[in-house]
Amino acid sequence: TPLAKSWRGAFNMTHGATLGGHAVKHAIARAGIDAAHVEDVIMGCANPEGATGANIARQIALMADCPITVSGMTINRFCSSGLQTIATAAQRILANEGDIYVAGGLEAISCTAQEMNKHMLADPWLEKNKPEVYWAMLQTAEQVAKRYNISREAMDQYGAASQQKASAALEKGLFKDEIAPITVTQGVIDKVMGMMTKQVTVSADEGLREGTTIESVSGIKPAMPGGVIAAGNASQFSDGAGACVVMSEALASKRGLKPLGRFLGFAVAGCEPDEMGIGPIYAIPKLLKQNGLTMDDIGLWELNEAFAVQ
């Protein structure tokens with residue numbers, strides 16, 4: 001799906017099963033396979049409760065018109081939940097558990113963030129000895145900026161460049177093939193009538209701000225008093241879903257299918273929770289070593305992070 005702004009965007013009344021089902025259904029169709037041949041639908045979700053709870057992956061499989069025999073599994077590794085599903089699917093293929101999987105991720109922040117279950121959220125021992133594990137991402141981003149002396153100007157430059165690259169890609173139509181337009185019911189506030197709804201068709205991401213410059217973001221008020229993280233150097237909250245078909249290379253070749261990419265490996269690494277955003281610094285060297293590669297062997301790096309400081 002496209003990505004919509006949380007709360008005020010097009011998906012603010014759309015259930016996670018609808019978003020995920022749309023993405024999975026189109027991924028299966030575009031791959032040219034029969035949904036009955038999918039071994040499992042594996043979906044990642046950082047907040048698997050409420051509108052994205054109750055094993056949302058199984059609900060998504062049903063919404064995608066998969067046969068009742070196609071199962072579903074929801075995975076949570078916070079921000080990397082969706083990436084983890086692709087790795088899990090590939091690993092299951094390598095283990096000869098199946099040949100075809102659907103992997104992806106979703107969030108319906110508009111429908112979940114305001115009513116999250118926080119009953120007994122913190123363990124007393126952890127709260128006393130490692131309270132940072134419960135910090136919000138914003139707190140960890142400020143910590144990284146302070147600990148590693150990363151300036152607001154450097155972050156704003158990175159944020160503006162990100163918007164400029166995305167806008168240029170949109171103008172060239174580079175996102176068109178990977179987005180499946182969807183029609184949903186959106187909640188809107190009318191100054192006279194109050195809460196109302198309308199039907200909208202979404203075909204492009206809502207977060208792109210064409211014309212963004214370093215000058216236009218440098219004056220934005222920081223999210224925390226005295227802080228350096230602001231809307232111009234951090235990503236917005238978004239609702240949306242994405243999915244892809246993961247298949248054994250032998251089967252793809254047999255069927256004459258052209259893969260979009262190949263899975264070569266996966267690595268994770270832990271770090272101090274108060275600076276969780278630097279995790280790739282530790283994970284990437286592990287992955288390179290596993291594959292006998294160096295930094296110079298990689299032609300294109302893509303780091304998906306919430307804050308420019310990361």
Side-chain angles (χ1 to χ4, degrees), residues 1-33 35 38 41-46 51-52 56-57 59-61 63-66 79-86 89 101-111 161-188 198-212 235-247 257-261 263 300 302-306:
T1 72
L3 289 180
K5 297 178 182 178
S6 297
W7 300 298
R8 290 187 294 176
F11 298 150
N12 64 359
M13 293 181 64
T14 304
H15 195 278
T18 300
L19 291 172
H22 183 80
V24 169
K25 184 174 182 177
H26 282 270
I28 291 173
R30 292 184 181 190
I33 64 170
V38 175
V41 172
I42 312 172
M43 298 295 287
C45 183
T52 49
I56 191 65
Q59 300 178 54
I60 287 170
M63 287 292 290
D65 293 331
C66 292
C79 298
S80 59
S81 299
L83 185 61
Q84 178 66 62
T85 69
I86 296 175
Y101 292 83
V102 171
L106 77 151
E107 297 296 337
I109 294 174
S110 297
C111 305
S162 178
Q163 283 284 351
Q164 292 162 5
K165 291 176 182 177
S167 296
L170 179 66
E171 187 176 347
K172 294 177 181 178
L174 300 182
F175 299 132
K176 187 176 181 180
D177 289 343
E178 66 185 57
I179 291 179
I182 181 174
T183 300
V184 297
T185 299
Q186 178 185 4
V188 294
K198 64 177 182 179
Q199 292 290 111
V200 294
T201 297
V202 196
S203 58
D205 295 335
E206 293 182 346
L208 274 67
R209 293 173 173 82
E210 188 177 356
T212 298
S235 64
Q236 68 179 29
F237 286 98
S238 297
D239 304 325
C244 62
V245 174
V246 183
M247 183 185 297
L257 301 177
K258 184 179 179 180
L260 295 171
F263 176 89
L300 176 66
E302 180 177 345
L303 298 176
N304 290 303
E305 302 294 346

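Note that this is a predicted model, so its numbers are computed, not measured.
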Show me the donor-acceptor pairs within less than 3.5 Å that the side chains of residues 172-182 make with the rest of the protein, sequence neighbours left out.
none

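Remark: S6 pairs with I109, S110, F237, D239 by the side-chain contact (heavy atoms from CB on, under 4.5 Å) rule, at least two apart or across chains. Residues meeting the salt bridge (charged side-chain N to carboxylate O under 4.0 Å, His left out) test with K25, sequence neighbours left out: D65. Not counting sequence neighbours, the partners of S238 by the side chain to side chain donor-acceptor pair (under 3.5 Å) test are Q236. Residues satisfying the side-chain contact (heavy atoms from CB on, under 4.5 Å) criterion with V200, sequence neighbours excluded, are A10, V184, Q186, K198, V202. Applying the side chain to side chain donor-acceptor pair (under 3.5 Å) criterion to T185, with sequence neighbours excluded, gives Q199. Taking the side-chain contact (heavy atoms from CB on, under 4.5 Å) definition, one finds that S81 meets it with N76, R77, sequence neighbours left out. Looking at residues two or more places apart in sequence or on another chain, you find a side-chain contact (heavy atoms from CB on, under 4.5 Å) between A57 and M43, N55, T74. Judged as a side chain to side chain donor-acceptor pair (under 3.5 Å), and not counting sequence neighbours, the contacts of T183 are T201. Judged as a side chain to side chain donor-acceptor pair (under 3.5 Å), and not counting sequence neighbours, Q164 has no contacts. Partners of H26 by ring pair (Phe, Tyr, Trp, His ring centres under 6.0 Å), not counting sequence neighbours, listed by chain and number: H22.
Residues C66 and I28 approach most closely at SG-CD1, 3.8 Å, considering heavy atoms. Considering all non-hydrogen atoms of both residues, A64 and V24 come closest at CB-CG1, 3.6 Å. Closest approach of A27 to V245, counting heavy atoms only: O-CG2, 3.6 Å. Of all heavy-atom pairs between A51 and I56, the closest is O-CD1, 3.7 Å. Here the closest non-hydrogen pair linking L106 and A241 is CB-CB, 3.7 Å. Counting all heavy atoms, side chain and backbone alike, V102 lies closest to A243 at CG1-CB, 4.1 Å.
For the pair I33/M247, a side-chain contact is recorded, criterion being any heavy-atom separation below 4.5 Å from C-beta on. Residues C45 and E107 have side chains in contact (heavy-atom distance under 4.5 Å, counting atoms from C-beta outward). Considering only heavy atoms from C-beta on, L19 comes within 4.5 Å of F11 through its side chain.
Remark: D205 CG to S167 OG distance equals 10.5 Å, nearest 0.5 Å. How far OG of S162 is from CZ of R209: 11.0 Å, rounded to the nearest 0.5 Å. Note: I86 CD1 to F263 CZ = 9.0 Å, rounded to the nearest 0.5 Å. To the nearest 0.5 angstrom, E210 atom CD is 8.0 Å from L170 atom CG.
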Item to complete: Please step through side-chain contact (heavy atoms from CB on, under 4.5 Å) for the pair M13 and C111, ending with a clear verdict.
Response: CA-CA 7 Å; M13 293 181 64; C111 305; 5.9 Å; no
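N12 places a side-chain N or O within 3.5 Å of a backbone atom of G187 that can act as its donor or acceptor partner. With hydrogens and angles ignored, the 3.5 Å screen pairs no side-chain donor or acceptor of T18 with any backbone N or O of T14.
No more than 12 heavy atoms of other residues, nucleotides or ligands sit less than 6.0 Å from atom CZ of R8.
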